Amino acid sequence: MRLRIDSFELIGAERRLKFEPGLNIIVGTIATGKTTLLRCVRALLAGGISNFPRETQQTVQNLAGRVTLGDDGYDIIRPFVSTINAKVEIAGDREAQRLPALRGTGPEDLTYRDWLQEKLGLPKIKVPRIPSQIDSDLSPVTVNDYLMYCYLQQEEIDESVFGHRDRFKNTKRMAVFNIVYGRYDAELAGLEEQLRSTSSELRRLRNWSRTIDEFLEGTAVENRAAIQQEIRETEAKLEASETRAVRSSEVAVRSTESSDIRETLRQAEESLAATRAAVDLASSAEQKNRLVAQLRTQSARLERISKPRAEVPG
C-alpha cells in the first residue's frame with residue numbers, strides 16, 4: 001500500500017511544506033529545526049508526541065497534512081499534545097472521522113493508529129517482548145514500527161540498520177522485516193500465541209496451587225488424603241439423609257391424606273347432627289300445633305256447655 005505525504009503544516013508556528021513526487025531534500029544550518037520537523041511528520045503518522053523542544057511545544061497547536069493512502073487522499077489534523085486519546089480529525093472523499101490518537105476508552109475502540117494501519121493493509125500481530133521466553137508479555141506491531149525502517153535519527157544511523165542497542169526495538173524490527181519480506185507465517189504465529197496462552201495459564205494455576213498449599217500448611221486440612229476421606233464420608237451421610245427425607249415425605253403425604261379423611265368425616269358428622277336437630281325441631285313444632293288445636297276444641301266445647309238454656313213457654 002502506498003503512503004505519501006503531499007503537504008505538511010505546523011498550525012500555530014505558521015510553517016508549511018509541500019512535498020513533490022520523488023525525492024525531497026530538506027537542508028538548513030544546525031539548530032534550524034530539521035530534526036524537529038521530521039519528528040512532527042512522524043507524529044502526524046500516529047507517532048508519539050513527547051520530548052519536543054520548548055519552543056515547539058509553546059508555538060505549535062496542531063499538526064496538519066494532506067496524505068495519500070493508496071489511491072485515496074485524506075486531510076488529517078492532530079492536536080499537538082501528548083494525550084494518547086486526543087481526537088484526530090480525518091476527512092477524505094468517502095469518509096470523515098474523529099478518532100482517539102493512540103488509545104480509546106475501551107479495548108475495542110478504533111484508534112487513529114489502527115485506522116492508519118488498516119488503510120495501509122498491514123497485518124495486526126503481537127510479538128513477545130522477550131523472544132527467548134515463550135510466555136513473555138506481548139506487544140503489538142504498530143505502524144510506528146514499520147516507520148523505524150523509514151526514519152533514522154542521526155545518532156542512530158550507524159547502528160539502526162542492522163541492530164539497535166534497545167533489544168525491544170530489535171524484536172520489532174525483526175517482526176517488520178519478516179512481514180515485509182514474506183517470512184511471516186500466520187499459522188505459525190497463531191500456534192505460538194496459543195502456546196503462550198497455555199503456558200501462561202499453566203503458570204497461573206501452578207502459582208495458585210502453591211499459594212493454597214502455603215495457606216493450608218499447618219492447619220487441620222493440610223492432609224489432602226484426609227480431606228478426600230472426609231468428603232466421601234460426608235457425601236455418604238448426605239445420601240442417607242436424602243433417603244430419610246424421601247421416606248419422611250412419603251409418611252407425611254400419607255399422614256396428610258388421613259387428616260383429610262378425618263376432616264371430611266367430622267364435617268359430615270356436624271352436618272348430620274344439624275339435620276337431626278332440624279328434624280327434631282320440626283317434629284316438636286308439629287306436636288305443639290296439634291296440642292293447640294285440641295285445646296281450642298275443648299275450650300269451644302266447654303263454652304257451649306256453660307251457656308244457660310232458654311226456657312220454652314207452656
Side-chain angles (χ1 to χ4, degrees), residues 1-70 72-92 96-104 110-120 122 140-157 159-161 164 166 168-169 172-173 176:
M1 176 68 71
R2 178 179 59 171
L3 166 62
R4 187 182 71 226
I5 300 177
D6 301 315
S7 62
F8 181 75
E9 180 180 0
L10 298 175
I11 300 177
E14 303 303 328
R15 291 190 178 183
R16 298 179 179 84
L17 287 175
K18 183 178 180 180
F19 297 100
E20 301 294 336
L23 178 64
N24 290 262
I25 300 176
I26 300 175
V27 297
T29 58
I30 296 177
T32 55
K34 300 184 298 298
T35 301
T36 300
L37 176 62
L38 291 178
R39 291 181 61 192
C40 289
V41 171
R42 185 171 182 179
L44 181 68
L45 300 175
I49 299 179
S50 61
N51 300 324
F52 275 85
R54 180 179 300 178
E55 179 184 359
T56 306
Q57 295 177 0
Q58 293 176 347
T59 57
V60 177
Q61 300 174 0
N62 295 282
L63 305 175
R66 178 71 179 179
V67 178
T68 298
L69 301 175
D72 298 325
Y74 296 91
D75 289 303
I76 300 174
I77 299 178
R78 179 181 180 181
F80 192 70
V81 293
S82 58
T83 308
I84 59 177
N85 59 356
K87 293 300 180 62
V88 179
E89 299 178 11
I90 306 168
Q97 299 196 65
R98 294 182 73 248
L99 302 175
L102 306 178
R103 184 182 302 170
L110 178 65
T111 64
Y112 168 60
R113 181 170 59 185
D114 295 336
W115 175 86
L116 187 59
Q117 190 164 343
E118 290 180 1
K119 290 298 181 181
L120 293 174
L122 300 175
V141 178
T142 67
V143 64
N144 297 312
D145 298 318
Y146 291 91
L147 292 177
M148 283 195 298
Y149 275 104
C150 305
Y151 174 82
L152 299 176
Q153 297 185 15
Q154 184 174 354
E155 65 271 17
E156 296 180 350
I157 290 179
E159 60 185 17
S160 294
V161 177
H164 198 279
D166 188 338
F168 180 59
K169 285 189 175 182
K172 289 295 191 70
R173 288 180 185 274
V176 170

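Everything quoted here is computed from the prediction, not taken from an experiment.
- Atom CZ of Arg42 is separated from atom CG of Leu147 by 5.5 Å, given to the nearest 0.5 angstrom.
- Formation of a donor-acceptor pair under 3.5 Å by the Asn85 side chain with backbone atoms of Thr83 is not found in this model.
- Without hydrogens or angle criteria, Arg78 side chain to Ala43 main chain gives a donor-acceptor distance under 3.5 Å.
- For the pair Phe19 and Asp6, the minimum side-chain heavy-atom distance is 4.5 Å or more.
- With hydrogens and angles disregarded, a donor-acceptor distance shorter than 3.5 Å links the side chain of Asn144 to the backbone of Ala46.
- For Gln117 (side chain) and Val141 (main-chain N/O), a donor-acceptor pair under 3.5 Å exists by modelled atom type.
- Residues Leu102 and Thr111 fail the side-chain proximity criterion, which asks for heavy atoms closer than 4.5 Å.
- A 4.5 Å side-chain heavy-atom check between Leu37 and Ile26 finds at least one atom pair inside the cut-off.
- With hydrogens and angles ignored, the 3.5 Å screen pairs no side-chain donor or acceptor of Asp114 with any backbone N or O of Leu110.
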Give every donor-acceptor pair under 3.5 Å between a side-chain atom in residues 48-57 and any protein atom, sequence neighbours left out.
residue: Gln57; atom: NE2; partner: Phe52; partner atom: O; Å: 2.9

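- The shortest distance between side-chain heavy atoms of Glu14 and Leu10 does not fall below 4.5 Å.
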query: What's the verdict on side-chain contact (heavy atoms from CB on, under 4.5 Å) for Leu69 and Trp115, showing C-alpha distance, side-chain angles and the deciding distance?
result: CA-CA 11 Å; Leu69 301 175; Trp115 175 86; 3.9 Å; yes

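- Side chains of Tyr74 and Lys119 form a contact here, defined as non-hydrogen atoms less than 4.5 Å apart.
- Side-chain atoms of Val60 and Phe80, non-hydrogen and from C-beta on, do get closer than 4.5 Å to each other.
- The shortest heavy-atom contact between Ala86 and Val81 is CB-CG2, 3.7 Å.
- The backbone N or O of Gly70 lies less than 3.5 Å from a partner atom in the side chain of Arg2, making a donor-acceptor pair.
- Shown here for Leu99 and Gln97, the closest heavy-atom pair between the two residues is CD2-OE1, 3.4 Å.
- Separating the NZ atom in Lys87 from the CZ atom in Arg98 is a distance of 5.5 Å, to the nearest 0.5 Å.
- Of the inter-residue distances, the one linking Leu3 atom CG with Leu45 atom CG reads 5.5 Å to the nearest 0.5 angstrom.
- Ile76 CD1 to Leu116 CG: the interatomic distance, rounded to the nearest 0.5 Å, is 6.5 Å.
- Heavy atoms of other residues, nucleotides or ligands lying less than 6.0 angstrom from NZ of Lys34 number more than 12.
- Side-chain atoms of Val88 and Ile77, non-hydrogen and from C-beta on, never get closer than 4.5 Å to each other.
- Annotation: Arg15, atom CZ; neighbour count of heavy atoms from other residues, nucleotides and ligands within 6.0 Å does not exceed 12.
- Looking at Asp145, its side chain does come within 3.5 Å of a backbone N or O of Thr142 through a donor-acceptor pair.
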query: Passes side-chain contact (heavy atoms from CB on, under 4.5 Å), Thr32 versus Thr29? Steps please.
result: CA-CA 6 Å; Thr32 55; Thr29 58; 2.9 Å; yes

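- With contacts defined as side-chain heavy-atom distances shorter than 4.5 Å, the pair Ile11/Leu63 does not qualify.
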